[in-house]
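Computed from a prediction, not measured in an experiment: that's the story for all the values here.
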Amino acid sequence: MENESIHTLISQILDEANEQEKHSLRFLLEGVLKKQQDHYKTYLAGFMGIRSKKLDEDTYESIIPNQELVHNPLHIVHGGITSSLIDIAMGSLVHQSLPSDKAAVTSEMNIHFLAKGDGHELRCQSHVVFKGDERWVVKANVYRDDLKLIATATGNFMVIPRKV
């Protein structure tokens, strides 16, 4: 029954969709598929189409394509998407540096939005400010493809035991 209702919904959306809406739906569905195939740890990262890599011991970079799916009504990247990009980049840096029996959760994040998010992609670079056994502090900057700084942030991450 659930599969049938999903097929019906997708068919209805496709019948009424313009090309941009079809592109957005395809991107969302590809994100779900990539999550199922373990290319992403979360659906949010899949929906955003995030690409990430560790640049060195204390630096991590995450990039998202700038597409209508992540826009606000002003046709620029929504602040919540920018915030999620920052949180993912900072949190991933911490997670990849912890032992396998530990995890980290965001306990505080402070963001300053400095310019509009436009261009082809947004690039977030996060850097370790402080490492402790129970808490980490990380700084992040988000850039457009013209290298304009659009947001800067700091985050505190609490280290916790990883659930098995």
Side-chain angles (χ1 to χ4, degrees), residues 1-55 59-96 103-127 138-155 157 162-164:
M1 184 67 172
E2 185 69 21
N3 284 353
E4 189 176 308
S5 67
I6 291 170
H7 284 286
T8 300
L9 180 60
I10 289 174
S11 293
Q12 180 183 356
I13 291 169
L14 287 174
D15 289 344
E16 298 174 17
N18 61 34
E19 288 307 309
Q20 182 56 52
E21 292 165 338
K22 289 176 185 176
H23 176 77
S24 294
L25 179 61
R26 180 178 178 181
F27 197 84
L28 284 170
L29 294 173
E30 286 173 349
V32 171
L33 180 62
K34 288 177 181 178
K35 165 66 170 84
Q36 288 176 333
Q37 296 170 341
D38 289 327
H39 294 288
Y40 293 111
K41 292 184 180 181
T42 66
Y43 289 108
L44 181 58
F47 295 159
M48 291 170 60
I50 202 163
R51 301 182 325 264
S52 299
K53 62 183 173 184
K54 195 169 185 178
L55 299 178
T59 308
Y60 195 82
E61 180 176 73
S62 294
I63 302 168
I64 60 167
N66 182 2
Q67 58 181 327
E68 191 170 338
L69 183 64
V70 299
H71 286 177
N72 66 19
L74 300 173
H75 304 288
I76 59 176
V77 176
H78 190 287
I81 296 296
T82 304
S83 300
S84 294
L85 172 62
I86 290 167
D87 192 36
I88 290 169
M90 291 191 303
S92 295
L93 173 59
V94 176
H95 276 274
Q96 290 196 3
V105 294
T106 309
S107 60
E108 180 182 21
M109 197 164 63
N110 186 4
I111 303 171
H112 298 277
F113 296 98
L114 307 171
K116 65 182 179 176
D118 59 9
H120 296 289
E121 63 185 20
L122 296 185
R123 178 180 306 267
C124 180
Q125 291 187 343
S126 58
H127 312 277
V138 181
K139 179 178 175 47
N141 289 322
V142 181
Y143 303 92
R144 302 187 305 215
D145 31 19
D146 65 1
L147 303 181
K148 174 90 172 170
L149 179 65
I150 68 159
T152 187
T154 56
F157 293 83
R162 183 177 292 278
K163 288 186 179 179
V164 183

Side-chain donor-acceptor pair under 3.5 Å between Thr42 and Lys35, yes or no? no

Do Gln67 and Phe27 touch side chain to side chain, with heavy atoms closer than 4.5 Å? yes

Check: Leu55 main-chain N/O paired with Thr59 side-chain donor or acceptor under 3.5 Å: no

Residue that, paired with Asn66, satisfies side chain to side chain contact (heavy atoms under 4.5 Å, CB included) out of Val70, Leu69, Ile64: Val70

Calculate, to the nearest 0.5 Å, the distance between atoms CD1 and CD belonging to Ile10 and Gln12 respectively. 11.5 Å

Return the minimal non-hydrogen interatomic distance between Leu93 and Lys54, and the atom names on each side. CD1-CE, 4.4 Å

Hey, is the main chain of Ile50 close enough, under 3.5 Å, to the side chain of Tyr40 for a donor-acceptor pair? yes

In terms of heavy-atom contacts, Ala89 and Ser126 come closest through O-OG, 3.1 Å

Judged by atom type as modelled, is there a donor-acceptor pair below 3.5 Å linking the side chain of Glu21 to the main-chain atoms of Asn18? yes

Give the C-alpha distance, both sets of side-chain angles, the deciding distance and a yes or no for side-chain contact (heavy atoms from CB on, under 4.5 Å) between Lys22 and Leu14. CA-CA 7 Å; Lys22 289 176 185 176; Leu14 287 174; 4.1 Å; yes

Note: Ser83 and Phe113 closest approach over all heavy atoms is OG-CZ, 3.7 Å

If you count the non-hydrogen atoms of other residues, nucleotides and ligands that lie under 6.0 Å from NZ in Lys148, is the total more than 12? no

Full working for side-chain hydrogen bond (donor to acceptor under 3.5 Å, both in side chains) between Lys139 and Thr152: CA-CA 8 Å; Lys139 179 178 175 47; Thr152 187; 3.0 Å; yes

Are Lys34 and Glu30 close enough for a salt bridge, meaning some N to O gap below 4.0 Å? no

Is there a side-chain contact between Ile63 and Ser52 (heavy atoms, below 4.5 Å)? no

Donor-acceptor side-chain pairing of Thr154 and Asn110 below 3.5 angstrom: no

Test item: Arg144 side-chain N/O and Lys116 main-chain N/O as donor-acceptor pair under 3.5 Å: yes

On a heavy-atom basis, the closest approach of Gly119 and Asp145 is CA-OD1, 3.3 Å

Start with the C-alpha gap between Gln125 and Tyr60, add the side-chain angles, then the distance that decides, and say whether side-chain contact (heavy atoms from CB on, under 4.5 Å) holds. CA-CA 6 Å; Gln125 291 187 343; Tyr60 195 82; over 6 Å; no

Spell out, as yes or no, whether a donor-acceptor pair under 3.5 Å connects the side chain of Ser5 to the backbone of Glu2. yes

Test side-chain contact (heavy atoms from CB on, under 4.5 Å) on Met90 and Phe157 and set out the steps. CA-CA 9 Å; Met90 291 191 303; Phe157 293 83; 3.5 Å; yes

So, for Leu122 and Gly117, which heavy atoms are closest and what is the spacing to 0.1 Å? CD2-CA, 4.3 Å

Please check: side-chain N/O of His127 versus main-chain N/O of Ala140, any donor-acceptor pairing under 3.5 Å? no

Do Leu149 and Val142 come within less than 4.5 Å of each other through their side chains, counting heavy atoms only? no

Met48 versus Pro65, closest heavy-atom pair with distance: O-CD, 3.5 Å

